[in-house]
Amino acid sequence: MELIITEKNNAARRIAEILSDGAATTTQRNGVNVYEWGTKTCVGLSGHVVGVDFPEEYSDWRDVEPVELIDADIVKSPTQENIVRTLRQLAREADEAVIATDYDREGELIGKEAYELIREETDAPVKRVRFSSITEREVKNAFAEPDDIDFDLAAAGEARQIIDLVWGAALTRFLSLSARQLGEDFISVGRVQSPTLKLIVDREREIQAFDPDDYWEVFADLTKDGETFEAQYFYDDDGSEAERVWDEGDADDAYDRLREATSAEVTSVRRRTRTDNPPAPFNTTAFISAAGSLGYSAQRAMSIAEELYTTGYITYPRTDNTVYPEDLDPEELLDEFTMTHEFGDDAESLLELDEIDPTEGDDETTDHPPIHPTGAVPDRDELDEDEWEVYELVVRRFFATVAEPATWEHLRVVAEANDCQLKATGKRLLEAGYHDVYPYSSASESFLPPVEEGDALDVTDVELEAKQTQPPRRYGQSRLIQRMEDLGLGTKATRHNTIEKLYDRGYIEDDPPRPTALAEAVVEAAEEYADPVVSDDMTAQLEADMSAIANGEATLDDVTQESREMLERVFEELRESREAIGDHLQESLKADRRLGPCPESDHDLLVRQSRQGSYFVGCDGYPDCQYTLPLPSTGEPLVLEETCEEHGLNHVKMLAGRDTFVHGCPQCAADEADDTEDEVIGRCPECGDDEGGELAIKQLRSGSRLVGCTRYPDCDYSLPLPRRGDIEITDEYCDEHHLPELVVHSGEDDDDPWELGCPICNYREYRARQAVDDLEDLDGVGPATAERLETAGVEEPADLREVDPDVLATEIQGVSASQIRDWISQLPEVDAGDDDEGPDGDSDAETDAEGGDEPTEEGTILDDIQAEVEGARAGESD
Ligand SMILES: [Zn+2]
Ligand SMILES: [Zn+2]
Ligand SMILES: [Zn+2]
Ligand SMILES: [Zn+2]
């Protein structure tokens, strides 16, 4: 039997289909799909199925000094048990094996890991095949001429894994232990993660240090023959034109003179033709940025692209190359699109060009082509909407690279009025060129009427605008990925995961990301004591070392040993300062939870967590000051930048997946509840007959509303109500429950108020709706995704409760861990006991497996304060 091993299950299915001409059958072994035809068997891995780690005896954070990790042995252990077991079983039956993992450094290492597992079972020959797109032609060509594994290239990847593990784990444990942050809240450090964080923190420092300058701009409308256009005042500033006036007196002066002017004389008209060249072929970074302007996060864009790659529609999406290879024949590829409904006309028009000469970017590498469509064109209904949009982007980018340049006419008009110079520019598209096939880049024109030198124009609507210089902007995700690429941080495969990880670890918030106080403290500590881990030098050195290993000029042992010695020196510095670092980190952790002054003491109010896990606002002066405020019971609080003018407290946002909402100032919410009278609407069904309890609409201090019994706490009967909107009590009554029907009016759109009806009937319907019976009942799960989930063993929604999102995401192409978490959050709540998410094992070694171990102590530095949350009753969910 010939055993073929691919990087992922989807690739295995597709390759089996191609090589067997559709005859392969699927069976399952240990829950893993195995494809068989003739004498051949094909199985997919899940990226890395083994990971580097320390031996068991190093796993207790308290028993092992972090510095001991530097020289600890490194072991490889399975991270995907089922796949490893299946691979071993199949290897014992194999006469030969072919490694068909992805064609890049990480793929070579994944292939070598499979090779080592096979070698433990058999001496059968093991070959390697390489291809850049899973199309019939490429795959069959590759299998016709198999090659050997490049062990040096794999060793380069392995050296990086080991260095990332040792640095990440030793520094993560050191910082976490010094700040006494164990359990889920450990403080992570990583060779790629930390310099990326420093980029974000440095930008924030620039923003904070920014001192704005005032300036003014003056505009006027000019009119010729009834056609009006806007012109801007400018002046000569040492030989160059300037529009910003830095002196208020000068600005007023220009403004006054223009207002007094009755007409302006055109002193110059300049027309110029500009060429606008089509863009270069897509590499990963340019693709992520283009998808970003369509609204896709980097993570989402990459997972869709990977899906399109494994289904054979586009080439491998992880590439730095921006030059098409020799063997790509653009005409041939365009030809494939001429018969399609969506792209036919554009492909035809491109084929009619005299010459097809694709654009080239600056980077030429040989491993993969730039991202382009393969010519296997899907029908539109085979893809979901997002997949189609991304696919179309890739197709149109290819079209653009073979299209003609566009040409623009730029028109510039200068006029003089009362000794003031005014200018206006316009542009007109003369030849649309590539814009015809690539509608994503701006082709907007701005209009100027035809004017000639010497024309007299009317001057009207003179305006003076006061402005301020702006601080630099925070990096958006695609800009950040671009910066990482410039600095060689991470790989095209991992950059987007690194950013996700910074969110997960509480280092950044919002989009574009803003660093937390913890992030600033970690970067400061690293800068002061462990500079290599945040500096670019280490990254550059490692890249050079890896190339040396790949070229056979250095060995894995040389490189890892040198790195260990560097880390030893870092630890000598750190040891002295352990306490200072710990204090500083703890201070910053507190700062991230600080809301503002306590009304009853000199301390600050903080967001705290009770022993039961619920959040509330408590005083930093506890136990001397016992002031508290409740928070909503849904979600995890995030302290926003905005503050309440009345109480000086930061607003709070509750993060709860798609139910995320802004709670605002907790003091305002509590005050509003105190000022709101309960409104009785009927008799309590629980105790009304015996005790005379009544149901009332109540506003809770946590910002929630509910219908509850007036005999609370003796009777805790309650029904949920929506958090927002004005509730109207109508005259209509429910026959069954004798309660009035309620209508909820929302401020903005009151044409269509929500007829909530009888609160008991409403709650009953709500419970029925909450039941999620089918996978497709989950938001964002369509038939295709449901099928993939089922293949991965998730047959019904409840099965999602058992999975580790990070692990499952590696098994299903096109699905991210955060999507899986979102689906889990949509499952109806189970009454007893939260399922703890458990520590997230960083086993997905395709991400930079940084600091790849987890804390062993469920510690917390929070004081044990009992939340006296008034709203902590059943049914408060909304
Ligand atoms: Zn207080
Ligand atoms: Zn307030
Ligand atoms: Zn009652
Ligand atoms: Zn009813």
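Atoms within each ligand, like the ligands themselves, are counted from 1 in listed order.
Side-chain atoms of S297 come within 3.5 Å of backbone N or O of R300 as a donor-acceptor pair.
Once rounded to the nearest 0.5 Å, the distance linking CD1 of I729 with CD of E679 reads 3.5 Å.
Ring geometry, F661 versus H663: the interplanar angle exceeds 60°, so the pair is classed perpendicular (tilted spans 30 to 60°).
At a cut-off of 3.5 Å, with distance as the only test, a side-chain donor of Q193 or S188 sits close to an acceptor on the other residue.
With the Zn ion (ligand 3) as the vertex, SG of C684 and SG of C715 span 110° to the nearest 10°. Rounded to the nearest 10 degrees, the angle SG (C619) to the Zn ion (ligand 1) to SG (C598) equals 110°. Rounded to 10 degrees, the SG-metal-SG angle spanning C644 and C665 at the Zn ion (ligand 2) equals 110°. Draw a line from the Zn ion (ligand 3) to SG of C687 and another to SG of C709, and the angle between them is 100° (to 10°).
Contact annotation: Y622 places no N, O or S atom under 2.8 Å from the Zn ion (ligand 1). Contact annotation: H603 places no N, O or S atom under 2.8 Å from the Zn ion (ligand 1).
Results of the salt bridge (charged side-chain N to carboxylate O under 4.0 Å, His left out) test with R474 over E641, E509, E206 single out E641 as the only residue that passes.
If you look at H647 and ask which of its N, O or S atoms sits nearest the Zn ion (ligand 2), the answer is ND1.
Ion pair E694/R683 not flagged as a salt bridge, since none of the NZ, NE, NH1 or NH2 atoms sits closer than 4.0 Å to an Asp/Glu carboxylate oxygen.
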